[in-house]
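For the single chain, residues carry numbers from 1 onward in sequence order. First listed ligand is number 1; within each ligand, the first listed atom is number 1. All of these numbers come straight from a predicted model, not from anything done at the bench.
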Amino acid sequence: MQRYSGFGLLKHSLSFHENWQRVWRNPTPKKRYDVIIIGGGGHGLSTAYYLAKEHGITNIAVLEKGHLGGGNICRNTTIVRSNYLWDESAALYEHSMKLWEGLSQDLNYNQMFSQRGVYHTCHTLQDLRTNERLVHANRLQGVDNEMVYGDQLQKEIPALDCSPDARYPILGASVQRRGGNARHDAVAWGYARAADALGVDLIQNCEVIGMEINDGKITGVKTRAHGTIKADRVGCVTAGNSGVMAKMAGFELPLESHPLQALVSEPIKPFLDTVVMSNHVHGYMSQSDKGDLVIGAGIDGWVGYGQRGSYSIIEHTIQAIVELFPCTSRVRMNRQWGGIVDTCPDASPIISATPVKNLFFNCGWGTGGFKGTPGSGNVFAHMLAHGRAHPLAEPFTMNRFYTGALVDEHGAAGVAH
Ligand code: FAD
Ligand code: PYC
C-alpha cells in the first residue's frame, strides 16, 4: 500500500496533488481482450479481480460508462448478512460472507467491515413465525442466526421501542451476529486497485452502446468513446441497466428496474451499535462511525431510471424509523439519494450464460447485492473462465425461469422490497 508522510501530504496539497501517484492506471484500451467486463461497479470489479487472481486471466478490460463506483456500489446502505431462506441462497451469500471476513487482508485495503449484528424485528405472529423458520433453516445450513425476545432484546438495543404501547409492538427479533456493515467506497476502490495491480485495464467514461455478434456469438462490444473493442468473452454486470444491455444483445431478461433510495441524518452521538430492520413497520437504520443515521426502506412501486426516488417513500420511511426509535424524532436529515436496482420475480440474482454464445450476465441482485459483492464476483469469474456455472451459481442461471425452479427470497429480501 502506498503511504505518505506528513511532509508528503503537505507537499502534495501545495502542488494541488499534481504528482500524486494514481491508485490505478488510466490506460488507453487495447483493440482486443480475452475478457471484457461491462460495468465498473462492485460486482464488475470483484469479477475482474478474481478472474486475474484465481484463474490467471489478466488480459481483461472493465468498461465503465461513468466513473468507477458511481453506481449502486457507493449508493447502498452497506448492510451485509447471509441469512437467506433457501439452501441455494444461503450457500451463495455465506460464500460471500466468508470472503468479507478476510477481504481487508486479501485486498490490503481496510474495508471497515464491522460485524455489529443485523436484527429483523417481528411485529405480528406471522412475522415471528417467518423469522423463527428462517432461524431454523439457517442453523441447518450452518449459517448463524438466532431469536431474541422481550427484555433481552431491549437490553441489546436500549433505544428501540420494545414497549407494548407501540403501534405495532415488537414481539421479538432474529439476529445474525456475524452480519453488519462495510464501507462501500472502500470496497470499490479496494477491488479496483487490486485488479489494476494484477494488470486489469480499468477504462472509465467508456459506455457500451452495442454488442458485436456474429453467427450467434459475441466477438466484441461497441463503445461510445473508443469504437469497437474485441473480446473472446464478455461479462455484463450493469446493475440497474441490465434490461437495456440484454436488449442490445437481442434478448429479454425477466427483470424490472426500480429506484431505491436512502438518506442520512446529521451526525449525532453514538446510540446504535447494530443494524435494525423492520419488514413490517418498514424501515431500517444503522449509525455510521461518523455518527450519521443511515436509513432506508422500499423501492418505488413503479419502474424508472432516475437515481432519486419519490418523496412519499421518504415520508413513509421516516414515520417507520420514529416509531421504532422515538428518540430520533427531532433529528434532522442531511442528504438523500437513490440508485436503480434490477429486481427479479423471485428476488434472487441471475448469474448465467445467455442465448448469445460467450456472453454472460450477472444481474438481478435487486436491493441486496452489496452483501453479495465478493461472492458474486468470485462465482462469476469462474463462469467467465470456464464457460459454465460455478456449483454455487448453478441454481441462479436463467434456466430456472424455464424449469420453474425459482429461488423465492422475497421474505429474506424483505424491507427493501
Ligand atoms: P453498480 O455499482 O450499479 O454497477 C453497475 C455499473 O454498470 C455502474 O457503475 C454503471 O455505470 C455501469 N453501466 C451501466 N450501463 C453501462 C454501459 N452501457 N456501459 C458501461 N457501463 C455501464 N445491498 C445490500 O446488500 N445491502 C444494502 O444495505 C443495500 N442497500 C441499498 C441501498 C440503496 C439506496 C441502493 C440503491 C441499493 C442497495 N443495495 C444494498 C443493493 C446493492 O447496492 C446492489 O445490488 C449492488 O451494488 C449492485 O451491484 P454493483 O455494485 O455492481 O452495481
Ligand atoms: O439486503 O439487507 C439488505 C438490504 C438492506 C437495505 C437494502 N438492502
| Do any heavy atoms of Gly240 fall under 4.0 Å from ligand 1? | no
| Hey, is ligand 1 close enough to Met245 that some N/O pair sits below 3.5 Å? | no
| field | Heavy atoms from other residues, nucleotides or ligands near CD of Glu315 exceed 12 (cutoff 6.0 Å) | value | yes
| field | Subset of ligand 2 atoms that lie under 4.0 Å from at least one heavy atom of Thr77 | value | 6 (C)
| message | With heavy-atom distances below 4.0 Å as the criterion, list the atoms of ligand 2 near Thr367. | response | 1 (O), 4 (C), 7 (C), 8 (N)
| said: Which residue and atom name correspond to the protein heavy atom nearest atom 38 (C) of ligand 1, and how close is it? | reply: Asn76 CB, 3.2 Å
| message | If I apply the N/O under 3.5 Å rule, does Gly42 come out as touching ligand 1? | response | yes
| query | Would you say Phe370 and ligand 1 have an N/O pair spaced under 3.5 Å apart? | reply | yes
| query | Is Lys371 in polar range of ligand 2, meaning some N or O pair under 3.5 Å apart? | reply | yes
| query | Is Glu146 paired with Arg177 through a side-chain N to carboxylate O contact shorter than 4.0 Å? | reply | yes
| From Met248, His67, Glu64 - option closest to atom 12 (C) of ligand 1 by heavy atom | Glu64
| query | Looking at Gly368, which atoms of ligand 2 are within less than 4.0 Å of one of its heavy atoms? | reply | 1 (O)
| Side chain proximity check, Ile157 to Phe325, heavy atoms < 4.5 angstrom | yes
| field | Nearest non-hydrogen protein atom, atom 7 (O) of ligand 1 | value | Gly39 CA, 3.4 Å
| query | Given His43, His258, Glu207, which has its nearest heavy atom closest to atom 49 (O) of ligand 1? | reply | His43
| said: Under a 4.0 angstrom heavy-atom cut-off, which atoms of ligand 1 come close to Lys371? | reply: 24 (C), 25 (O)
| message | Considering both backbone and side-chain atoms of Arg75, is one of its nitrogen or oxygen atoms within less than 3.5 Å of a nitrogen or oxygen in ligand 1? | response | no
| Any idea which part of Ile209 is under 4.0 Å from ligand 1, heavy-atom wise: side chain, backbone, both or neither? | neither
| At what distance is the nearest protein heavy atom to atom 53 (O) of ligand 1, and which residue and atom is it? | Ala239 CB, 3.4 Å
| message | For ligand 1 and Gly369, I'd like to know whether there is a polar contact (N/O to N/O, distance under 3.5 Å). | response | yes
| In this structure, are over 12 heavy atoms from other groups packed under 6.0 Å from Lys217 atom NZ? | no
| said: Just to check, does Gly366 reach to within less than 4.0 Å of ligand 1 when the distance is taken from its heavy atoms? | reply: yes
| message | How far is atom 37 (C) of ligand 1 from the closest protein heavy atom, and which atom is that? | response | Leu260 CD2, 3.6 Å
| said: Looking only at distances, can you tell me whether any N or O atom of Tyr284, backbone or side chain, sits closer than 3.5 Å to an N or O atom of ligand 2? | reply: no
